[in-house]
K.L.:
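Can you read through this structure? Questions will come right after.
Counting starts at 1 for both ligands and their atoms, following the listed order.
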Amino acid sequence: MKKILLSFALLGTLSMSVRAAADQPADASSFDQLLKQITVETPAAPEPAFNIEKTEVLPAEGRFWVTVKAADKYERTRLLEAGMDIVEIKGDLVSGFAGQHTMDALSSKAFSLVSKMTVEQKYARGVTKDFPAADAAYHNYKETTDLLNQLASKNSDIASVFSIGKTTEGRDIWCLRINASAKGTAPSSKPGAFFLGNVHAREHLANEVPLLFASWLFDHRNDADIKRYISTLDIYIIPMGNPDGVEYDIKGGKYQYFRKNARVNPDKSIGVDLNRNFDSWWCEAGASTYPGADTYCGPKAFSEPESQHLRDFMLARKNLKTHISYHSYASEILYPWGGNDADVPNAKDKDAFVKMSGEMGKLTGYTARKSSDMYIATGDSCDWAYDKGGILAFTFELEGNGFYPGAGLITKTVNSNIKAAVYLLSKTANPYN
Ligand code: 0X9
Ligand code: ZN
C-alpha cells in the first residue's frame, strides 16, 4: 500500500482512445499515439473540489485519516486486521483510512494514535495536490474494452480478446491474448506469461501499465526479441481485474477512494477486498472480517466472482510460468510469501524470485523485497498463484504519491515498466536460467 488521498477530479468525459479513433483511426491504438494523446488532451487542471460523497462507500459513522504508531511489520499487520487501510509508512508512523469500527478496534488494542482528522479536514489542509483534469487520459472500463478490441483487430494474426467471466455487476473481465498459433481460450503448450492490473479499484495506474504495454508490444512486434517472444510464448493481459470497483471509484466524475469490488455485503457496506479473498491462508493475518473494512476478506475464500474467474483462468492454464499483478503505490516489487514470514520452501524458486525481482527493480527503480516484509497479508492473489500454480508471481506496487497521481505520471511509469515486463517475457521460457 502506500497511497494517499486527494485528487478529486472530474474524470468526466475522458475518452482519449475513442476520440483519437475518430480522428486517426489507423493509429489510434499505437503506443506513440496513445502517449501523444495523454499530452495533447491534458487540459489545465481546475482547482480540485473535495467531493467524497457520503455514499454507502464510506461507513455510515464516518471515515478518518489517522496516523498511528506501529513499530514493525507485525504491528502493521495488526492494523490491517483492525480494518485500517494503510496508505503510508514512514518509519514507525503509519497513516491511512479508518472508519469508526476500526477506530474502536485500535483503541481497544491500545495502539497509540498520533493524529486523527476527518478526510475533509485532511483535504482542507492541502496536504496533497494532484491534477484532476489530467486524469482524462486514464482509461475507464469502456475505453479499456475498446482499446483491447482495437488492438486485437489490428493484430488479428496474433491477438484475440475473450472474457474470463462476469463481475458482480455483470461486466465482462476482458483478457487480451497474444499468441501466434492459438486464439481465445484454445489451449497452448507454450510457456505463458500473465499480466494483471487494477485488482484494487482506485489504483488506476495499474490499468494503464498493462494496457499500454499491450499497445507497445504490437508496435514492436517486428523487433527481433519481441517477435521471438510472440512466436514462442502465450501472453495474457487482463488490465482491469476489477471493473466494477473501477467504475464505482470514478462514478459521478469524482473519486471515491474505493478499493474493493462492488459486492453488497449483508450489513449494506460495499465490497470485498479481492486481494484478501484468494485461498492462501485466507483471512488469517492482515485481513479483516468486518465487512465495512477496506481489508475485508469476504465470507469465505473465493466468495467473489472476480477472484473465482481469476482462479479458474489460472487453473485452466498449466502453461503459465510468470505473472505480474500491478498495484499502486509504493515503488516496490514484491515476491511470495506475502501471507507468511517464511521463505518459499523451494530454494530454486526462491533464488528466481530474488534474482528476477532484483533485475526488474533495476529496470524500474523500484525496491525489490519479500512481500511479507511490507506487512503480512493473507488471501493475496500472487501467493495463491505461486502456491497452486507454481507461477513465479510478483506484485508490483507502482510509483506515485497517491492513488490519483495525474496523467503526468503515465508515460514515465509505463515506459519503465515496459522494460520490466519485457524482462519477464525474456525469463518466461526458462525462469531458472
Ligand atoms: O495490501 C495489498 O493488497 C497490496 N498493497 S496495496 O497497497 N496495493 O493494497 C500489497 C500486497 C502485498 N502482499 C502482501 N504483503 N501479502
Ligand atoms: Zn492494490
Side-chain angles (χ1 to χ4, degrees), residues 1-5 72-89 94-97 196-210 239-242 245-246 249 257-261 271-288 293-298 306-307 310 323-344 353 357 366-387 393-405:
M1 307 211 156
K2 314 40 323 269
K3 24 260 147 148
I4 221 188
L5 38 163
D72 56 24
K73 63 174 177 171
Y74 301 107
E75 292 196 9
R76 295 195 285 274
T77 301
R78 301 287 89 78
L79 289 173
L80 294 175
E81 289 161 6
M84 182 170 165
D85 179 8
I86 295 178
V87 172
E88 289 182 338
I89 303 168
V94 174
S95 302
F97 296 109
L196 170 66
N198 227 173
V199 160
H200 283 146
R202 62 198 170 191
E203 298 168 10
H204 302 287
L205 206 48
N207 179 43
E208 300 304 314
V209 166
M240 195 178 280
N242 177 14
V246 168
D249 191 53
Y257 306 109
F258 193 64
R259 170 180 169 91
K260 302 187 282 180
N261 74 347
V272 168
D273 183 349
L274 297 174
N275 213 29
R276 298 292 183 277
N277 192 241
F278 283 68
D279 194 8
S280 51
W281 301 289
W282 176 78
C283 214
E284 294 183 23
S288 171
D294 270 340
T295 51
Y296 177 45
C297 58
E306 295 85 358
S307 51
L310 288 168
H323 171 53
I324 294 174
S325 179
Y326 294 99
H327 287 253
S328 72
Y329 60 90
S331 301
E332 297 205 18
I333 297 173
L334 307 168
Y335 56 86
W337 306 117
N340 194 298
D341 252 345
D343 283 339
V344 298
F353 276 130
S357 63
Y366 300 167
T367 303
R369 62 171 168 165
K370 186 170 178 291
S371 206
S372 63
D373 287 345
M374 175 187 276
Y375 44 62
I376 302 168
T378 51
D380 174 313
S381 70
C382 284
D383 274 7
W384 184 87
Y386 173 65
D387 184 31
F394 301 86
T395 300
F396 272 46
E397 291 282 358
L398 299 169
E399 57 217 74
N401 63 350
F403 292 126
Y404 310 116

K.L.:
Report the member of Gly338, Gly379, Ser371 with the shortest heavy-atom distance to atom 12 (C) of ligand 1.
P.N.:
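Among Gly338, Gly379, Ser371, the closest heavy atom to atom 12 (C) of ligand 1 belongs to Ser371.
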K.L.:
Among the N/O/S atoms of His327, which is closest to the Zn ion (ligand 2)? Give the atom name.
P.N.:
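The Zn ion (ligand 2) is closest to the His327 atom ND1, counting only N, O or S.
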K.L.:
Less than 4.5 Å apart, side chain to side chain, heavy atoms only: is that true for Tyr404 and Asp249?
P.N.:
yes
K.L.:
When you measure from the Zn ion (ligand 2) to the N, O or S atoms of Glu397, does any of those distances fall below 2.8 Å?
P.N.:
no
K.L.:
Considering only distance and modelled atom types, tabulate donor-acceptor pairs under 3.5 Å from the side chains of residues 75-84, sequence neighbours left out.
P.N.:
residue : atom : partner : partner atom : Å
Glu75   : OE1  : Ala71   : N            : 3.0
Arg76   : NE   : Met374  : O            : 2.9
Arg76   : NH2  : Met374  : O            : 3.1
Thr77   : OG1  : Lys73   : O            : 2.7
Thr77   : OG1  : Ile376  : N            : 2.9
Arg78   : NE   : Glu81   : OE1          : 2.8
Arg78   : NH2  : Glu81   : OE2          : 3.1
Glu81   : OE2  : Gly286  : N            : 2.8

K.L.:
If you look at His200, which of its N/O/S atoms is nearest to the Zn ion (ligand 2)?
P.N.:
ND1
K.L.:
Do Asn277 and Tyr296 pair up side chain to side chain, a donor and an acceptor below 3.5 Å, judged on atom types alone?
P.N.:
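No, Tyr296 and Asn277 have no side-chain donor paired with an acceptor closer than 3.5 Å.
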K.L.:
Check Asp273 with Arg259, please: is the shortest side-chain N to carboxylate O separation under 4.0 Å?
P.N.:
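Looking at Asp273 together with Arg259, the answer is yes, because their closest N to O distance falls below 4.0 Å.
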K.L.:
Checking the N or O distance criterion of under 3.5 Å, is ligand 1 in contact with Tyr375?
P.N.:
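It does: an N or O of Tyr375 is found under 3.5 Å from an N or O of ligand 1.
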K.L.:
Report yes if some heavy atom in the side chain of Val94 is under 4.5 Å from a heavy atom in the side chain of Glu88; otherwise report no.
P.N.:
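Contact flag for Val94/Glu88 side chains = no.
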K.L.:
Would one find an N or O of Ser372, backbone or side chain, under 3.5 Å from an N or O of ligand 1?
P.N.:
no
K.L.:
Run the salt bridge (Lys or Arg N to Asp or Glu O under 4.0 Å) test against Glu306 and tell me which residues pass, sequence neighbours left out.
P.N.:
none
K.L.:
Relative to the heavy atoms of Glu203, which atoms of ligand 1 are at a distance of less than 4.0 Å?
P.N.:
6 (S), 8 (N), 9 (O)
K.L.:
Test your reading of the structure: does Glu397 have an N or O sitting under 3.5 Å from an N or O of ligand 1?
P.N.:
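Yes; at least one N/O pair falls below 3.5 Å.
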K.L.:
Closer than 4.0 angstrom: is that true for some heavy atom of Gly286 and an atom of ligand 1?
P.N.:
no
